[in-house]
Amino acid sequence: MTAGYRSPKAPAVRSGPRLGPVFVAEYRLLLRSVCTKGRLIAITMLAGLSVLTAVAIALADPFDPVFRGVGFVNGNIATLIPVAVLVFGAAVLGDLIDDGSLVYLWLRPVPSWIHVLAAWLATVTIVVPLVLVPVVASTLFIDTSGSLLAPAALGGFVAVAAYGGLFVTLGVRFKRALPWGLVYILIWEGFIAAAGKTATKLAVRSYVRSILGSMTDTHLKLGEFSLGVGIVVPLLVAAAALAYASRRLAKTDVA
């Protein structure tokens, strides 16, 4: 080999799209698509009703405000928060699959988990300020000391994250996900979960109640788990659900 010899430059390999910008762009697109006026008005009205409920509780007998505040937060976690997550989470990808428009998101060769994770983040982004923040702030009407702010915020966020994973997956798996989600919230978690220990372990509500009970030293029915278990298990369930949704979406005919 002679001195100064340089090997020919290898041809540049064309790389795929960078996942970061693609994820951000898809997240914004899904966020705009799911925020319809009807959904926003309906959920905002429910959140407003929750605030009025807190005011009514505060004007009632002030005995044991912590206990009353925990009951208020527990009621919202049992109904308002999962319903709000269901309305947005099941629709964010489910609507696109049903009308066939999800195919336009597949024009770039990106992994399916990008779509699923963007859908989950869009759901959380909507529900946290629209529902969770008013619920957490409303606890100040009941207990002005602010002792309920941290338990309500932590329990509520875990609930939003966990239900978000479940209901985004539900929207990918079923064409009419809303009725199935209501069955889970109202029938399974509302009645069946109280029937035995096995059913209790399959209800997100029981883990969130454990968070509230542990942080406020209040006994709640079905809230039998430790604080760590109450936080970790729902988040693991959400991650597993999103992983399944990614695999399912990769095999789904979206055209």
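Atom CZ of Phe167 sits about 4.0 Å away from atom CD1 of Ile185, to the nearest 0.5 Å. Leu154 contributes atom CG, which lies 4.5 Å from atom CD1 of Ile231 (distance to the nearest 0.5 angstrom). Distance check, rounded to the nearest 0.5 Å: OG1 of Thr123 to CG of Leu93 gives 8.0 Å. Taking OG of Ser50 as the start and CG of Leu80 as the end, the distance is 5.5 Å to the nearest 0.5 Å. Annotation: the span from Leu96 atom CG to Leu29 atom CG amounts to 7.5 Å, rounded to 0.5 Å. In this structure, the separation between CG on Leu182 and CG on Leu178 is 5.0 Å, given to the nearest 0.5 Å.
Considering only heavy atoms from C-beta on, Tyr184 comes within 4.5 Å of Val204 through its side chain. Phe141 places none of its side-chain heavy atoms less than 4.5 Å from the side chain of Leu59. Using a 4.5 Å cut-off on side-chain heavy atoms (C-beta onward), Leu30 and Leu121 make no contact. Contact of the Leu117 side chain with the Tyr27 side chain is not registered, since no non-hydrogen atoms from C-beta on lie closer than 4.5 Å. Looking only at side-chain heavy atoms (C-beta outward), Phe72 and Asp143 stay at 4.5 Å or farther from each other. Contact annotation: the side chain of Tyr163 never approaches that of Pro234 to less than 4.5 Å [non-hydrogen atoms, C-beta and beyond]. The shortest distance between side-chain heavy atoms of Ile77 and Leu212 falls below 4.5 Å. With a 4.5 Å cut-off on side-chain heavy atoms, Thr200 and Glu224 do not count as touching.
Closest heavy-atom contact between Ser246 and Ser112: O-OG, 2.7 Å. Nearest approach of Ala119 to Val92, heavy atoms of both residues: CB-CG1, 3.4 Å. Contact detail for Val116 and Leu249: the closest heavy-atom pair is CG2-CD2, 4.0 Å. For Ser147 against Val66, the heavy-atom pair with the smallest separation is OG-CG2, 3.9 Å. In plain terms, the two heavy atoms of Ala177 and Ala90 that are nearest each other are CB-CB, 3.8 Å. Minimum interatomic distance between Val51 and Ser138 (heavy atoms only, all atoms of both residues): CG2-OG, 3.3 Å.
Listed for the Tyr207 side chain is no donor-acceptor partner under 3.5 Å among the backbone atoms of Ala159. At least one donor-acceptor pair closer than 3.5 Å links the side chain of Thr169 to the backbone N or O of Ala241. Between the side chain of Thr218 and the backbone N or O of Gly213, no donor-acceptor pair lies under 3.5 Å. Formation of a donor-acceptor pair under 3.5 Å by the Arg209 side chain with backbone atoms of Lys221 is found in this model. Checked by atom type and distance alone, the side chain of Arg205 never pairs as donor or acceptor with a backbone atom of Thr79 at under 3.5 Å. Using a distance-only test at 3.5 Å, with no hydrogens or angles considered, no donor-acceptor pair links the side chain of Arg68 to the main chain of Ile142. Side chain of Trp113 to main chain of Ala245: no donor-acceptor pair is present (N/O by atom type, distance under 3.5 Å, no hydrogens or angles). With Ser210 contributing its side chain and Ser206 its backbone, the two residues share a donor-acceptor pair below 3.5 Å.
Side-chain heavy atoms closer than 4.5 Å link hydrophobic residues (I, L, V, M, F, W, Y) into clusters, and following such links, even through other members, never connects Leu236 to Trp120. Connection of Phe67 to Val73 is not established within any shared hydrophobic cluster, with ILVMFWY side chains joined at heavy-atom distances below 4.5 Å, either directly or through further cluster members. Using a 4.5 Å cut-off between side-chain heavy atoms of Ile, Leu, Val, Met, Phe, Trp and Tyr, with links allowed through other members, Tyr244 and Ile97 fall into different hydrophobic clusters. Hydrophobic clustering, with ILVMFWY side chains joined whenever heavy atoms are under 4.5 angstrom apart, keeps Val135 apart from Leu52. A chain of hydrophobic side-chain contacts below 4.5 Å, direct or via other Ile, Leu, Val, Met, Phe, Trp or Tyr residues, connects Leu202 to Leu86.
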| message | Determine whether Val34 and Asp95 satisfy the following criterion, side chain to side chain contact (heavy atoms under 4.5 Å, CB included), listing intermediate values before the conclusion. | response | CA-CA 9 Å; Val34 79; Asp95 287 353; 5.7 Å; no
| task | Could you give me the CA-CA distance, side-chain angles and deciding distance for Leu132 and Val127, then say whether side chain to side chain contact (heavy atoms under 4.5 Å, CB included) is met? | result | CA-CA 7 Å; Leu132 181 58; Val127 176; 5.5 Å; no
